[in-house]
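For reference, the structure is listed below as C-alpha coordinates.
Nothing fancy with the numbering, it's 1 onward along the sequence.
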Amino acid sequence: MISGKEVALQRKLKIEPIEGSYNSYTVNEKEKRDWSGNVYLACVTAILAIAFFS
(Lines give C-alpha, C1' and ligand atoms only; values in the text may rest on other atoms or scores of the structure.)
Protein backbone atom coordinates (compact mmCIF):
# COMPACT_ATOMS: atom_id res chain seq x y z
CA MET A 1 0.00 0.00 0.00
CA ILE A 2 1.21 3.45 -0.82
CA SER A 3 -0.32 5.39 2.08
CA GLY A 4 0.66 2.86 4.74
CA LYS A 5 -2.88 2.75 6.12
CA GLU A 6 -4.52 -0.61 6.47
CA VAL A 7 -8.14 -0.88 5.38
CA ALA A 8 -10.26 -3.56 7.01
CA LEU A 9 -12.55 -5.32 4.56
CA GLN A 10 -15.44 -7.39 5.79
CA ARG A 11 -15.65 -10.48 3.62
CA LYS A 12 -17.97 -13.42 3.61
CA LEU A 13 -16.44 -16.68 2.47
CA LYS A 14 -18.41 -19.70 1.35
CA ILE A 15 -16.35 -22.88 1.07
CA GLU A 16 -17.90 -25.81 -0.79
CA PRO A 17 -16.38 -29.18 -1.70
CA ILE A 18 -15.97 -29.91 -5.41
CA GLU A 19 -17.99 -32.95 -6.45
CA GLY A 20 -15.98 -35.89 -7.75
CA SER A 21 -12.69 -34.78 -6.21
CA TYR A 22 -10.79 -35.50 -3.01
CA ASN A 23 -9.85 -32.58 -0.71
CA SER A 24 -10.67 -29.94 -3.32
CA TYR A 25 -12.84 -26.98 -2.44
CA THR A 26 -14.17 -23.88 -4.11
CA VAL A 27 -13.99 -20.59 -2.24
CA ASN A 28 -16.64 -18.05 -3.14
CA GLU A 29 -15.92 -14.62 -1.78
CA LYS A 30 -18.59 -11.96 -1.38
CA GLU A 31 -17.62 -8.53 -0.16
CA LYS A 32 -20.00 -6.50 1.93
CA ARG A 33 -21.60 -3.80 -0.17
CA ASP A 34 -20.54 -0.22 0.34
CA TRP A 35 -23.68 1.90 0.32
CA SER A 36 -21.94 5.25 0.94
CA GLY A 37 -21.68 5.98 -2.79
CA ASN A 38 -25.38 5.35 -3.31
CA VAL A 39 -26.33 7.53 -0.34
CA TYR A 40 -24.12 10.34 -1.67
CA LEU A 41 -25.71 10.03 -5.12
CA ALA A 42 -29.22 10.13 -3.64
CA CYS A 43 -28.41 13.29 -1.67
CA VAL A 44 -26.99 15.05 -4.73
CA THR A 45 -30.02 13.99 -6.79
CA ALA A 46 -32.40 15.27 -4.11
CA ILE A 47 -30.60 18.63 -3.94
CA LEU A 48 -30.71 18.99 -7.73
CA ALA A 49 -34.40 18.05 -7.82
CA ILE A 50 -35.24 20.62 -5.13
CA ALA A 51 -33.23 23.28 -6.98
CA PHE A 52 -34.90 22.42 -10.29
CA PHE A 53 -38.48 22.48 -8.99
CA SER A 54 -38.04 25.59 -6.81
Side-chain angles (χ1 to χ4, degrees):
M1 290 187 218
I2 295 173
S3 66
K5 295 183 180 179
E6 186 174 327
V7 178
L9 295 175
Q10 296 180 0
R11 295 188 273 181
K12 194 177 212 181
L13 298 176
K14 186 175 182 182
I15 301 172
E16 298 177 343
I18 298 174
E19 293 181 23
S21 65
Y22 181 73
N23 278 348
S24 296
Y25 300 91
T26 59
V27 178
N28 297 323
E29 182 177 2
K30 293 183 180 180
E31 290 187 19
K32 188 175 180 182
R33 286 192 176 182
D34 182 22
W35 290 97
S36 62
N38 291 345
V39 172
Y40 177 75
L41 181 62
C43 290
V44 170
T45 304
I47 290 170
L48 289 176
I50 290 170
F52 180 74
F53 291 114
S54 295

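In this structure, the side chain of Ser24 does not engage the main chain of Ser21 through any donor-acceptor pair within 3.5 Å.
For Glu16, the salt bridge (Lys or Arg N to Asp or Glu O under 4.0 Å) test picks out Lys14, with sequence neighbours left out.
Under the 4.5 Å side-chain heavy-atom criterion for ILVMFWY residues, no single connected hydrophobic cluster contains both Ile15 and Ile18.
Sorted by first and then second residue, the salt bridge (Lys or Arg N to Asp or Glu O under 4.0 Å) pairs with a member in residues 40-54 form an empty list; sequence neighbours excluded.
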Run the side-chain donor-acceptor check on residues 45-54: report pairs under 3.5 Å with partners two or more places apart or on a different chain.
{"from": "Thr45", "atom 1": "OG1", "to": "Leu41", "atom 2": "O", "distance (Å)": "2.7"}
{"from": "Ser54", "atom 1": "OG", "to": "Ile50", "atom 2": "O", "distance (Å)": "2.6"}

